[in-house]
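A short write-up of the structure that comes next.
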Number of protein chains: 2
Amino acid sequence: MAEPASLAPKQLGAYFALMEAVSLLQHEVEKQLRAEGDLSWIQFQLLARLADSDGRLTMTELADGVVYSRSGLTYQAGLLEKAGLITRGPSPDDERATLVTITEAGAALVARVLPGHVEVARSLLFDPLSDTDVDRLGDLMTRIRGHMRALPPRSAAPRKRRTP
Amino acid sequence: MAEPASLAPKQLGAYFALMEAVSLLQHEVEKQLRAEGDLSWIQFQLLARLADSDGRLTMTELADGVVYSRSGLTYQAGLLEKAGLITRGPSPDDERATLVTITEAGAALVARVLPGHVEVARSLLFDPLSDTDVDRLGDLMTRIRGHMRALPPRSAAPRKRRTP
DNA sequence: GTCATGTGCTTCGAACTCGAAGCATCTGCC
DNA sequence: GGCAGATGCTTCGAGTTCGAAGCACATGAC
């Protein structure tokens, strides 16, 4: 390649390994979710997030952290609603907001696909790792995620995150 | 969520942190590549791979590791060719194969966007890490990637990888 | 040589994603 | 109260992705 451009080869290696490994993992995860529950990774994330939060999130809260565009979320929510996994209704507090609720069917589906999902993650991601490795990976990625979340948007998102 | 299903919470946390961090990183990387070179992450990967390999790879070799479907690769190669960044020609050895070569313009483009690309990776990914952390991350992800690559396809890819 | 099967790539249709534009509501300032 | 700008969500169009089907060549058995 042209030049290292101030990133040590070790770092470049780590970077590419990270990206490729996650890409492979995501691919396998999608396959499992599609096969067992006819869900995409995003749909699963949305349902899981709802299941965690007792249902009742606004669209924006739901999107937060799932990085997706608003329109994409609308689309996915439409699919999930049509499939009977979630419900959308107006918020009593804010007429503009849409409150999303997970249905019983939705919760049941999450519960059904979760074991297989976890199994894929275990066999692909954690199999070659020791307990210490898992700790380190968790620590590293948590720190990195925190760092990224805290960053000022790089020139983007004119309307993305509420500044609290 | 329903149940941990035999994955320790620590592992689940590591898993989700990993997925989210990479998702964020990829998003930013795409933005930079789009802004500075009008490239997608896949296109950049393809060009970088070609630049590394003295050009001259078959479509399948090029796709290998970039996980994409063959048709997607055909599509992307079409775009890159139209943009004058690569050339496609028949292979002398195998009439079926298409040999892909990177052009000067393609190599120049990679060289042009690389510094910015590296800078994004540095500031998002490596900024909160010490040298030791980088070593560990590289080690972990390299092992994980190796593990995943070696796996038997889980029921998929009837025609995906040559078995050497 | 010839036929069956495997492999390399492309074409096709359907599904998904994003950003820009649009509509409705909310908030703050006057 | 009323108006300007911000915010929440949706619609729309263009671009991208994938899997299945299809075509062309290669390889091995006979």
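Labels below follow one simple rule: chain letters A, B, ... track the order of the sequence lines, proteins then strands, and each chain is numbered from 1.
Remark: C1' of D/dC9 and CG of A/L99 are 13 Å apart, rounded to the nearest angstrom. One atom, CZ of A/R34, and another, C1' of C/dA14, lie 13 Å apart when rounded to the nearest Å. In this entry the distance linking CH2 of B/W41 with P of C/dC18 reads 17 Å, nearest Å. For the pair A/H27 NE2 and D/dG19 P, the computed distance is 6 Å after rounding to whole Å. In this entry the distance linking CG of A/L46 with P of C/dC16 reads 13 Å, nearest Å. One atom, CZ of A/R70, and another, P of C/dG22, lie 18 Å apart when rounded to the nearest Å. Rounded to whole angstrom, the span from the CD atom of A/Q43 across to the P atom of C/dA15 amounts to 13 Å.
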Pair A/W41, A/H117 - check side-chain contact (heavy atoms from CB on, under 4.5 Å), show working. CA-CA 10 Å; A/W41 165 241; A/H117 184 78; 3.4 Å; yes

side-chain contact (heavy atoms from CB on, under 4.5 Å) between B/L46 and B/I86: does it pass, once the steps are laid out? CA-CA 10 Å; B/L46 295 177; B/I86 64 168; over 6 Å; no

Please determine whether side chain to side chain donor-acceptor pair (under 3.5 Å) holds for the pair A/S130 and A/D133, giving the CA-CA distance in whole Å, both sets of side-chain angles, and the decisive distance to 0.1 Å. CA-CA 5 Å; A/S130 70; A/D133 290 335; 3.1 Å; yes

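Contacts of B/E81 classified as salt bridge (charged side-chain N to carboxylate O under 4.0 Å, His left out), with partners at least two apart in sequence or in another chain: B/R88. Residues passing the salt bridge (charged side-chain N to carboxylate O under 4.0 Å, His left out) test with A/D38 are A/R34, sequence neighbours excluded.
Looking at A/T103, its side chain does come within 3.5 Å of a backbone N or O of A/L85 through a donor-acceptor pair. Put simply, the side chain of B/H147 gets close to the backbone of A/S123: a donor and an acceptor are under 3.5 Å apart. Remark: side-chain polar atoms of B/R145 are not paired, donor with acceptor, to backbone N or O of A/M19 under 3.5 angstrom. The backbone N or O of B/A63 sits nowhere less than 3.5 Å from a side-chain atom of B/R49 that would complete a donor-acceptor pair.
Through side-chain heavy atoms spaced under 4.5 Å, either directly or across other Ile, Leu, Val, Met, Phe, Trp or Tyr residues, A/L99 is tied to no other residue.
Within a heavy-atom distance below 4.0 Å of DNA chain C, the residues of residues 72-90 of chain B found are B/T74, B/R88.
Taking the C1' atoms of five terminal pairs at each end of the helix from C/dG1-D/dC30 to C/dC30-D/dG1, the two resulting helix axes are inclined by 20°, rounded to 10°.
Remark: the B/T58 side chain and the C/dG8 base include no donor-acceptor N/O pair separated by less than 3.5 Å. Under 3.5 Å, the side chain of A/T60 and the base of D/dG8 form no donor-acceptor pair of N or O atoms.
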Output one line per pair: protein atom, nucleotide atom from nucleotides 25-27 of chain D, and distance, for all N/O pairs under 3.5 Å.
unit_1	atom_1	unit_2	atom_2	d
D/dA26	OP1	B/E95	N	3.0

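Within a 6.0 Å radius of CG in B/D135, other residues, nucleotides and ligands contribute more than 12 heavy atoms.
Nucleic acid contact for B/T98: sugar-phosphate only, since backbone atoms but no base atoms lie under 4.0 Å from a heavy atom of the residue.
Residues A/I42 and B/A97 each lie close to DNA chain C; by heavy-atom proximity, the contact nearer the 5' end of the strand is made by B/A97.
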